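A quick note: this is a predicted structure, and the numbers were derived from the prediction, not measured.
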Amino acid sequence: MEVTGLSAPTVNVFISSSLNTFRSQKRYSRSLTIAEFKCKLQLVVGSPASCMELELYGPDDKFYSKLDQEDALLGSYPVDDGCRIHVIDHSGARLGEYEDMSKVEKYELSQEAYDQRQNSVRSFLKRNKLGRYSEEERAQQEAESSQRLTEEAQAGTIPVGSRCEVQAPGQPPRRGTVMYVGLTDFKPGYWIGVRYDEPLGKNDGSVNGKRYFECQAKYGAFVKPSVVTVGDFPEEDYGLDEM
């Protein structure tokens, strides 16, 4: 193949390698010597420049020639936009060796050492009392944590199947049977599922398509443990069936 000179100052080419499974698209100056070009390719494919053999392929992936003259300019070869330059590695490395990140030694910093740094994100948050270092947010998190622990303790004293009376603020007392105790998907915290004696509830034991217990429509409700009292509460007739 005849080697010709090209006037365009730069060229966009694809770089592939016998060590990698991917291709990279890069722009290079045509005025680079092949020796200089190999040095730049080290950062792309990982092969040492001294162990590279370069092959030039056209945009249609047809083999053109080898780039084997170290002092020749890249632009002296028929390299055009869309061509591919394939790097064959002769260092003895294996395919994918430079893609396996598990073999890369990672820099790790202890929590104590990180705390000593003055230019870290953690230091910035501490100085400005932001994020989890905000006194207001920390107080809110502590209150929420305390509430969860209280609810969990209260829920532990309410057995499923026991009779109960629900005294919600601003509402008359309602009696029923405890059908569910625990966490739910519809809201955070602990909830008590109650089957009322009369249709005074809001659901049939299911919320948003998930069933927590069985009961008739309008007989089920979920309330917080703090408004539930367990005891010997006989059923009361509210006369709702006559309405």
Side-chain angles (χ1 to χ4, degrees), residues 1-138 140-141:
M1 173 176 291
E2 181 182 357
V3 177
T4 60
L6 297 174
S7 58
T10 60
V11 62
N12 282 313
V13 295
F14 292 95
I15 306 298
S16 61
S17 169
S18 60
L19 293 182
N20 303 316
T21 57
F22 58 86
R23 295 184 180 184
S24 302
Q25 186 174 18
K26 301 289 182 180
R27 178 186 293 270
Y28 294 103
S29 170
R30 296 181 187 273
S31 63
L32 291 172
T33 65
I34 297 303
E36 293 171 335
F37 182 50
K38 286 182 177 180
C39 290
K40 291 185 176 293
L41 290 178
Q42 287 183 129
L43 302 176
V44 180
V45 300
S47 300
S50 60
C51 299
M52 290 183 186
E53 179 184 343
L54 305 185
E55 294 180 340
L56 175 62
Y57 292 82
D60 57 356
D61 239 16
K62 180 181 178 181
F63 176 75
Y64 279 3
S65 67
K66 291 185 179 293
L67 309 184
D68 52 5
Q69 300 178 35
E70 295 286 310
D71 57 348
L73 299 180
L74 178 63
S76 67
Y77 290 90
V79 181
D80 205 353
D81 288 344
C83 285
R84 177 170 65 91
I85 296 176
H86 183 65
V87 181
I88 301 174
D89 178 85
H90 293 290
S91 68
R94 300 185 304 275
L95 175 65
E97 182 170 343
Y98 297 131
E99 299 178 37
D100 188 357
M101 300 305 295
S102 66
K103 296 182 179 180
V104 179
E105 184 177 354
K106 299 176 179 60
Y107 176 72
E108 295 183 356
L109 187 67
S110 67
Q111 291 295 324
E112 292 76 12
Y114 185 65
D115 281 333
Q116 298 301 318
R117 293 199 168 188
Q118 299 301 313
N119 59 344
S120 66
V121 174
R122 182 181 298 174
S123 177
F124 175 82
L125 294 176
K126 283 182 177 180
R127 287 196 304 270
N128 295 277
K129 296 182 178 180
L130 300 173
R132 63 190 180 97
Y133 300 103
S134 166
E135 294 180 1
E136 180 179 345
E137 183 173 343
R138 183 166 62 249
Q140 181 179 351
Q141 290 176 347

Between CD on residue Q42 and SG on residue C51, distance to nearest 0.5 Å
9.0 Å
Using a cut-off of 6.0 Å, state whether more than 12 heavy atoms not belonging to Y114 lie near its atom OH.
yes
Reference residue R84; test side-chain contact (heavy atoms from CB on, under 4.5 Å); the match among K62, Q25, E55, R23
R23
Got F14 and D61 here, is their nearest side-chain heavy-atom distance under 4.5 Å?
no
Heavy-atom count around K66 NZ within 6.0 Å, excluding the residue itself: above 12?
yes
Roughly how far apart are L32 CG and L74 CG, rounded to 0.5 Å?
6.5 Å
So does S91 get a backbone contact from the side chain of D89, meaning a donor-acceptor N/O pair under 3.5 Å?
yes
Is any side-chain heavy atom of V11 closer than 4.5 Å to a side-chain heavy atom of C83?
no
For V13 and V79, work out which heavy atoms get closest and say how close.
CG1-CG1, 3.6 Å
So, taking the atom named CG in L56 and the one named CZ in F63, what distance separates them when rounded to the nearest 0.5 Å?
8.0 Å
Closest non-hydrogen contact found for I34 with L67 is CG2-O, 3.7 Å
When rounded to the nearest 0.5 angstrom, what distance separates CD1 in I15 from NE2 in H86?
11.0 Å
Measure the CD1-CZ distance between I85 and F37 for me, rounded to the nearest 0.5 Å.
3.5 Å
Donor-acceptor pair, S123 side chain versus S120 backbone, under 3.5 Å?
no
Where is the tightest heavy-atom contact between E70 and T33, given as atom of each residue plus distance?
O-CB, 3.7 Å
With rounding to the nearest 0.5 Å, note down the distance linking NE2 in H90 to OG in S18.
7.5 Å
Less than 4.5 Å apart, side chain to side chain, heavy atoms only: is that true for D68 and L54?
no
Evaluate the side-chain proximity of D115 to R122: yes if any heavy-atom separation is below 4.5 Å, no if none is.
yes
Closest non-hydrogen contact found for S31 with L73 is O-CD2, 3.3 Å
